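Within every chain, numbering begins at 1; the chains are lettered A, B, ... in the order of the sequence lines, protein sequences first and strands thereafter. These numbers come from a predicted model, not from an experiment.
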There are 2 protein chains.
Amino acid sequence: MPVPKGSTLDPDRTRAAIIDTAMPILYERGLDGVGVAELCTAVGVSKETLYRHFGSKEGLIEAVLEARSERVTRWLREAVEAAGDDPADQLAAVFDALSGWHAEPGFRGCALLNAGAQHHGGPELDVAGRHLERRLALLTSIADRAGVPDPGALARQWLVLVTGCTVVADQHPGTPYAARLARDAALTLLTTARPTP
Amino acid sequence: MPVPKGSTLDPDRTRAAIIDTAMPILYERGLDGVGVAELCTAVGVSKETLYRHFGSKEGLIEAVLEARSERVTRWLREAVEAAGDDPADQLAAVFDALSGWHAEPGFRGCALLNAGAQHHGGPELDVAGRHLERRLALLTSIADRAGVPDPGALARQWLVLVTGCTVVADQHPGTPYAARLARDAALTLLTTARPTP
DNA sequence: CTGCTATCGTACCGATCGGTTCGATCTGAG
DNA sequence: CTCAGATCGAACCGATCGGTACGATAGCAG
């Protein structure tokens, strides 16, 4: 076994440490708001190490965003799973989870959407698109369970609400509790879409 | 009259020309994606002139975003006014206007929201907030006319839909016609909110 | 004509950026 | 102990950035 595992020289560990440390800094200051040198000193790593792992600043950004998307997706899925079997409860759990996130001190909007807006032509936009696709899949599973006639359309309406309330919560101080309003709207759409026996 | 009006040396004209030319470039390439020198050559103006008018790149950006917000707000208000007196028609007109915008070739999301995401701490976020405030005012006027019990809450739900469908249309290729889905959702919310006599 | 002002074109500044290179150092495998 | 690979620290590179300075020019008021 030529590669040491778990040691201080473990490349996987170094890579994970870079991602974990760089993530909040890039989220807080923006992709273009912080240089590679500063990221390196924050992580406690040399530039050579960072470039050997990620090849370029772009590569680092992609890795950070991918890790973020996976983390957020898992977090939201767990919130849904903890809400029981009722689709309405699951849907409410999504927006309640968002409510808590929006109220956190360091909340600055969705890191993926922000990145897609910042480097619009680049790979960040693709990462953001895949992120929304994962989120749509989660919402579609809820709509499927609810047995509505067109679960795909309803899930996409929910996706618009989820995305919109996060942006509004971030950028419009005149709308607090945007997630709560979106939750009510989503539940109304669910009720209206359900076949009335 | 020491200031020439309408001549090629008219400062107001120069200022407007700089804003008009810089606006699509900053929108397309991002606030940090284009330098002041390139903007100057695109406008056909010297750096000294640009800096005398706006003081800094930040000042130029603020002026451009402010002009953009006013233009977009006027455009949407006119779409509403052209839709007649029925609140439902006015609401549908908002999302239909958005549909057409989203389908335009150079569509890259809302310039104000993108700017707020790019320079998150700075004045751009305030401009984006004021932009959403203007949009909320328009939606609130529709909700008022509809005579719903809580027009402020309904208008804010519509604001979430408007914002969300624009972001989704930009960043999620898997959801085409996001504005049409949002339109249906908004009309459903309106119908549900109306008192049933 | 005489100013005044807006503008141009260019050169220039210091700072920062992303990225590369290299010798020294440390760690763990064998 | 020896060796290979991972890392460090710092110097270094060319390019670009936002912003400034200056002499020349052009249009208008008086």
query = Which listed nucleotide (D:dG18, C:dC8, C:dG19) is nearest to the side chain of B:Glu48?
reply = C:dC8

request  = Could you check how far NE2 of A:His53 sits from P of C:dG19, rounded to whole Å?
outcome  = 16 Å

remark   = The nucleotide from D:dT7, C:dG18, C:dT7 with an atom nearest the side chain of A:Val36 is C:dG18

key: Atom-to-atom span, CZ of B:Arg29 to C1' of D:dT16 - whole angstrom   = 13 Å

query = Can a salt bridge be assigned to the pair A:Arg134 and A:Glu66 using a cut-off of 4.0 Å between side-chain N and carboxylate O?
reply = yes

query = Heavy atoms under 4.0 Å, any strand shown: does B:Gly55 hit a base, just sugar-phosphate, or nothing?
reply = nothing

query = What is the distance from CG of A:Asp32 to P of D:dG18, rounded to the nearest Å?
reply = 11 Å

inquiry  = D:dT7, OP1 or OP2 - any side-chain N/O from A:Thr14 closer than 4.0 Å?
reply    = yes

query = Is the backbone of A:Leu181 close enough, under 3.5 Å, to the side chain of B:Gln157 for a donor and an acceptor to pair up by distance?
reply = yes

task = For A:Gly59, answer base if it contacts any base atom (sugar-phosphate contacts may also be present), sugar-phosphate if it contacts only those atoms, and nothing otherwise; contact means non-hydrogen atoms under 4.0 Å.
result = nothing

request  = Could you state the atom-to-atom distance from CZ of A:Phe54 to P of C:dG19 in whole Å?
outcome  = 13 Å

ask   = Tell me: CD of A:Glu38 to P of C:dG19, nearest whole Å?
value = 16 Å

inquiry  = Within the 4.5 Å heavy-atom criterion, are B:Trp158 and B:Ile142 side-chain neighbours or not?
reply    = yes

ask   = Could you give the CZ-to-P distance, from A:Arg13 to C:dT27, as a whole number of Å?
value = 15 Å

query = Is any side-chain heavy atom of A:Leu39 less than 4.5 Å from a side-chain heavy atom of A:Leu26?
reply = yes

request  = Indicate, with yes or no, if B:Leu136 and B:Leu76 share a hydrophobic cluster defined by side-chain heavy-atom contacts under 4.5 Å among Ile, Leu, Val, Met, Phe, Trp and Tyr.
outcome  = yes

note = With the side chain defined as heavy atoms from C-beta on, A:Lys47 is closest, among C:dG19, C:dG9, D:dG18, to C:dG19

query = Between D:dC8 atom C1' and A:Arg52 atom CZ, what is the distance in whole Å?
reply = 10 Å

inquiry  = Tell me the interatomic distance from B:Tyr51, atom OH, to C:dC13, atom C1', rounded to whole angstroms.
reply    = 13 Å

remark   = The nucleotide from D:dG19, C:dT7, D:dC8 with an atom nearest the side chain of A:Val45 is D:dC8

request  = Answer yes or no: does a side-chain N or O of A:Thr49 lie under 4.0 Å from OP1 or OP2 of D:dC8?
outcome  = yes

key: Distance-only donor-acceptor test, A:Lys57 side-chain atoms vs C:dG18 base atoms, 3.5 Å   = no

